[in-house]
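A short write-up of the structure that comes next.
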Amino acid sequence: IKILLKYSVLLLLSGFLSFLIFWLDTIMLGVMKTTKEVGIYRAASQIPIFLTLVLMASNSIYAPAIAELHHLDQRERLGKIFKTTTRWVFLLTLPISLIIIFSAREILAVFGSAYIEAGVPVIIVLVISQFINCATGGVGYALIMTGKQHVEMLNAMATVIINIALNYFLIQKYGSYGSAVGTGIAF
(Lines give C-alpha, C1' and ligand atoms only; values in the text may rest on other atoms or scores of the structure.)
Protein backbone atom coordinates (compact mmCIF):
# COMPACT_ATOMS: atom_id res chain seq x y z
CA ILE A 1 0.00 0.00 0.00
CA LYS A 2 2.89 2.34 0.80
CA ILE A 3 4.39 1.93 -2.69
CA LEU A 4 1.02 2.42 -4.35
CA LEU A 5 0.32 5.57 -2.30
CA LYS A 6 3.75 7.01 -3.07
CA TYR A 7 3.20 6.39 -6.79
CA SER A 8 -0.36 7.74 -6.71
CA VAL A 9 0.41 10.88 -4.70
CA LEU A 10 3.15 11.86 -7.15
CA LEU A 11 0.75 11.33 -10.07
CA LEU A 12 -1.94 13.32 -8.28
CA LEU A 13 0.45 16.23 -7.75
CA SER A 14 1.63 16.02 -11.36
CA GLY A 15 -1.95 16.05 -12.59
CA PHE A 16 -2.84 19.02 -10.41
CA LEU A 17 0.23 20.94 -11.59
CA SER A 18 -0.57 20.13 -15.22
CA PHE A 19 -4.11 21.41 -14.71
CA LEU A 20 -2.72 24.54 -13.08
CA ILE A 21 -0.37 25.15 -16.02
CA PHE A 22 -3.32 25.44 -18.40
CA TRP A 23 -5.01 28.08 -16.23
CA LEU A 24 -2.09 30.12 -14.85
CA ASP A 25 -1.78 32.39 -17.87
CA THR A 26 -5.46 33.31 -17.84
CA ILE A 27 -5.57 33.80 -14.07
CA MET A 28 -2.47 35.99 -14.04
CA LEU A 29 -3.68 37.98 -17.02
CA GLY A 30 -7.00 38.50 -15.23
CA VAL A 31 -5.27 39.78 -12.11
CA MET A 32 -2.87 42.06 -13.97
CA LYS A 33 -4.85 43.32 -16.99
CA THR A 34 -8.38 44.11 -18.19
CA THR A 35 -11.25 41.72 -18.76
CA LYS A 36 -11.12 42.64 -22.45
CA GLU A 37 -7.57 41.31 -22.72
CA VAL A 38 -8.55 38.18 -20.81
CA GLY A 39 -11.46 37.55 -23.17
CA ILE A 40 -9.34 37.97 -26.29
CA TYR A 41 -6.55 35.86 -24.84
CA ARG A 42 -8.88 33.10 -23.70
CA ALA A 43 -10.56 32.85 -27.10
CA ALA A 44 -7.21 32.78 -28.89
CA SER A 45 -5.55 30.39 -26.45
CA GLN A 46 -8.20 27.69 -26.86
CA ILE A 47 -7.51 27.13 -30.57
CA PRO A 48 -3.98 25.63 -30.17
CA ILE A 49 -5.33 23.06 -27.71
CA PHE A 50 -6.69 21.13 -30.71
CA LEU A 51 -3.11 20.06 -31.42
CA THR A 52 -2.93 18.21 -28.13
CA LEU A 53 -5.83 15.96 -29.19
CA VAL A 54 -3.43 14.13 -31.51
CA LEU A 55 -0.89 13.74 -28.71
CA MET A 56 -3.53 12.56 -26.23
CA ALA A 57 -4.84 9.99 -28.71
CA SER A 58 -1.33 8.72 -29.31
CA ASN A 59 -0.57 8.60 -25.58
CA SER A 60 -3.70 6.61 -24.81
CA ILE A 61 -2.48 3.93 -27.20
CA TYR A 62 1.19 4.28 -26.34
CA ALA A 63 0.95 4.27 -22.51
CA PRO A 64 -0.08 0.61 -22.02
CA ALA A 65 2.59 -0.49 -24.48
CA ILE A 66 5.23 1.43 -22.51
CA ALA A 67 4.23 -0.26 -19.27
CA GLU A 68 4.25 -3.72 -20.80
CA LEU A 69 7.55 -3.32 -22.67
CA HIS A 70 9.21 -1.77 -19.63
CA HIS A 71 7.97 -4.65 -17.48
CA LEU A 72 9.35 -7.15 -20.03
CA ASP A 73 12.63 -5.14 -20.18
CA GLN A 74 12.35 -4.70 -23.97
CA ARG A 75 13.99 -1.28 -24.15
CA GLU A 76 14.95 -1.47 -27.82
CA ARG A 77 11.39 -2.20 -28.88
CA LEU A 78 10.15 0.50 -26.50
CA GLY A 79 12.51 2.99 -28.17
CA LYS A 80 11.25 2.04 -31.63
CA ILE A 81 7.62 2.46 -30.62
CA PHE A 82 8.42 5.81 -29.00
CA LYS A 83 10.14 7.03 -32.18
CA THR A 84 7.29 5.80 -34.38
CA THR A 85 4.54 7.39 -32.30
CA THR A 86 6.49 10.63 -32.01
CA ARG A 87 7.00 10.71 -35.78
CA TRP A 88 3.27 10.18 -36.38
CA VAL A 89 2.28 12.88 -33.91
CA PHE A 90 4.76 15.24 -35.59
CA LEU A 91 3.44 14.45 -39.06
CA LEU A 92 -0.20 14.87 -38.01
CA THR A 93 0.26 18.07 -36.01
CA LEU A 94 2.50 19.88 -38.51
CA PRO A 95 -0.20 20.52 -41.15
CA ILE A 96 -2.75 21.41 -38.46
CA SER A 97 -0.27 23.89 -36.98
CA LEU A 98 0.41 25.47 -40.35
CA ILE A 99 -3.29 25.77 -41.13
CA ILE A 100 -3.98 27.46 -37.80
CA ILE A 101 -1.01 29.82 -38.14
CA PHE A 102 -1.86 30.89 -41.69
CA SER A 103 -5.58 31.24 -41.03
CA ALA A 104 -5.38 32.76 -37.54
CA ARG A 105 -7.11 35.95 -38.68
CA GLU A 106 -10.02 34.03 -40.18
CA ILE A 107 -10.35 31.81 -37.13
CA LEU A 108 -10.48 34.80 -34.78
CA ALA A 109 -12.90 36.63 -37.04
CA VAL A 110 -15.51 34.14 -35.83
CA PHE A 111 -15.34 35.87 -32.43
CA GLY A 112 -15.50 39.36 -33.93
CA SER A 113 -13.17 41.93 -35.42
CA ALA A 114 -12.00 43.12 -31.98
CA TYR A 115 -10.29 39.75 -31.42
CA ILE A 116 -8.14 39.75 -34.53
CA GLU A 117 -5.43 42.32 -33.82
CA ALA A 118 -4.52 41.18 -30.31
CA GLY A 119 -5.42 37.52 -30.79
CA VAL A 120 -3.36 36.60 -33.87
CA PRO A 121 0.05 36.88 -32.16
CA VAL A 122 -1.32 34.88 -29.21
CA ILE A 123 -2.50 32.06 -31.46
CA ILE A 124 0.76 31.96 -33.40
CA VAL A 125 2.96 31.81 -30.28
CA LEU A 126 0.80 29.18 -28.60
CA VAL A 127 0.48 27.04 -31.74
CA ILE A 128 4.26 26.98 -32.12
CA SER A 129 4.73 26.05 -28.46
CA GLN A 130 2.02 23.37 -28.56
CA PHE A 131 3.49 21.98 -31.78
CA ILE A 132 6.89 21.65 -30.09
CA ASN A 133 5.16 20.07 -27.09
CA CYS A 134 3.41 17.55 -29.36
CA ALA A 135 6.50 16.93 -31.50
CA THR A 136 8.41 15.66 -28.47
CA GLY A 137 5.91 12.82 -28.16
CA GLY A 138 4.74 11.02 -25.05
CA VAL A 139 7.75 11.76 -22.87
CA GLY A 140 5.61 12.38 -19.80
CA TYR A 141 3.82 9.07 -20.16
CA ALA A 142 7.14 7.31 -20.76
CA LEU A 143 8.43 8.68 -17.47
CA ILE A 144 5.28 7.76 -15.57
CA MET A 145 5.02 4.25 -17.01
CA THR A 146 8.68 3.44 -16.37
CA GLY A 147 8.59 4.29 -12.67
CA LYS A 148 10.01 7.80 -12.99
CA GLN A 149 6.84 9.64 -11.98
CA HIS A 150 8.91 11.79 -9.58
CA VAL A 151 10.78 13.21 -12.60
CA GLU A 152 7.47 14.03 -14.30
CA MET A 153 6.29 15.76 -11.12
CA LEU A 154 9.51 17.79 -10.96
CA ASN A 155 9.05 18.72 -14.64
CA ALA A 156 5.50 19.90 -13.91
CA MET A 157 6.72 21.85 -10.87
CA ALA A 158 9.47 23.53 -12.89
CA THR A 159 6.97 24.37 -15.64
CA VAL A 160 4.62 26.02 -13.14
CA ILE A 161 7.44 28.07 -11.58
CA ILE A 162 8.76 29.16 -14.99
CA ASN A 163 5.23 29.94 -16.15
CA ILE A 164 4.52 32.11 -13.09
CA ALA A 165 7.82 33.97 -13.31
CA LEU A 166 7.66 34.64 -17.04
CA ASN A 167 3.98 35.61 -16.97
CA TYR A 168 4.57 37.97 -14.07
CA PHE A 169 7.23 39.92 -15.94
CA LEU A 170 5.94 39.63 -19.50
CA ILE A 171 2.27 40.41 -18.79
CA GLN A 172 3.21 43.71 -17.17
CA LYS A 173 5.00 44.89 -20.29
CA TYR A 174 3.27 43.08 -23.17
CA GLY A 175 -0.17 42.09 -21.89
CA SER A 176 -1.80 39.07 -23.57
CA TYR A 177 1.11 38.62 -26.00
CA GLY A 178 3.50 38.47 -23.02
CA SER A 179 1.29 35.86 -21.42
CA ALA A 180 1.40 33.76 -24.58
CA VAL A 181 5.19 34.03 -24.79
CA GLY A 182 5.63 33.16 -21.10
CA THR A 183 3.29 30.20 -21.33
CA GLY A 184 4.80 29.09 -24.63
CA ILE A 185 8.31 29.06 -23.18
CA ALA A 186 7.07 27.18 -20.13
CA PHE A 187 5.49 24.50 -22.35
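Computed from a predicted model, the values in this text were never measured in an experiment.
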Partners passing salt bridge (charged side-chain N to carboxylate O under 4.0 Å, His left out) against Arg75 (at least two apart in sequence or in another chain): Asp73
So, do [X] and [Y] sit near enough that their side-chain heavy atoms are less than 4.5 Å apart?
X	Y	value
Thr159	Leu17	no
Ser176	Leu29	yes
Leu166	Val181	no

Nearest heavy atoms of [X] and [Y], plus distance in Å:
X	Y	result
Thr93	Cys134	CG2-CB, 4.0 Å
Leu170	Gly182	CD1-N, 3.7 Å
Val127	Pro48	CG2-CG, 3.7 Å
Ala44	Val122	CB-CG1, 3.8 Å
Ile123	Ala104	CG2-CB, 4.0 Å
Gly39	Tyr115	O-CE2, 3.6 Å

Do [X] and [Y] share a hydrophobic cluster, counting only Ile, Leu, Val, Met, Phe, Trp and Tyr and linking them when any side-chain heavy atoms are less than 4.5 Å apart?
X	Y	result
Ile101	Val120	yes
Val125	Val38	no
Leu98	Leu91	yes
Tyr168	Tyr41	yes
Ile21	Val151	no

Nearest 0.5 Å, please: how far is [atom2] in [Y] from [atom1] in [X]?
X	Y	atom1	atom2	result
Glu117	Arg105	CD	CZ	6.0 Å
Phe50	Ile107	CZ	CD1	9.0 Å
Leu78	His70	CG	NE2	8.5 Å
Ile132	Leu51	CD1	CG	11.5 Å
Leu53	Leu92	CG	CG	12.0 Å
Leu154	Leu13	CG	CG	10.5 Å

Thr86/Tyr62 under side chain to side chain contact (heavy atoms under 4.5 Å, CB included): CA gap, chis, key distance, verdict: CA-CA 10 Å; Thr86 302; Tyr62 175 57; over 6 Å; no
Set of residues satisfying side-chain hydrogen bond (donor to acceptor under 3.5 Å, both in side chains) with respect to Gln130, sequence neighbours excluded: Asn133
Plane angle bin for Tyr177 and Tyr174 - parallel if under 30°, tilted between 30 and 60°, otherwise perpendicular: perpendicular
Donor-acceptor under 3.5 Å (Thr34 side chain, Glu37 main chain): yes
Donor-acceptor contact present, side-chain Thr85 to main-chain Phe82, <3.5 Å: yes
Side-chain ion pair, Lys80 and Glu76, N-O less than 4.0 Å: yes
Side chain to side chain contact (heavy atoms under 4.5 Å, CB included) evaluation trace for Ile171 with Lys33: CA-CA 8 Å; Ile171 288 172; Lys33 293 295 179 177; 3.8 Å; yes
Donor-acceptor side-chain pairing of Ser179 and Asp25 below 3.5 angstrom: no
Ring centres under 6.0 angstrom apart (Phe22, Phe187): yes
Ring centers of Phe90, Phe131 separated by less than 6.0 Å: yes
Identified side-chain contact (heavy atoms from CB on, under 4.5 Å) partner of Leu24 from the options Leu20, Ile27, Thr26: Leu20
Hydrophobic cluster (4.5 angstrom, side-chain heavy atoms) - remaining members for Val110: none
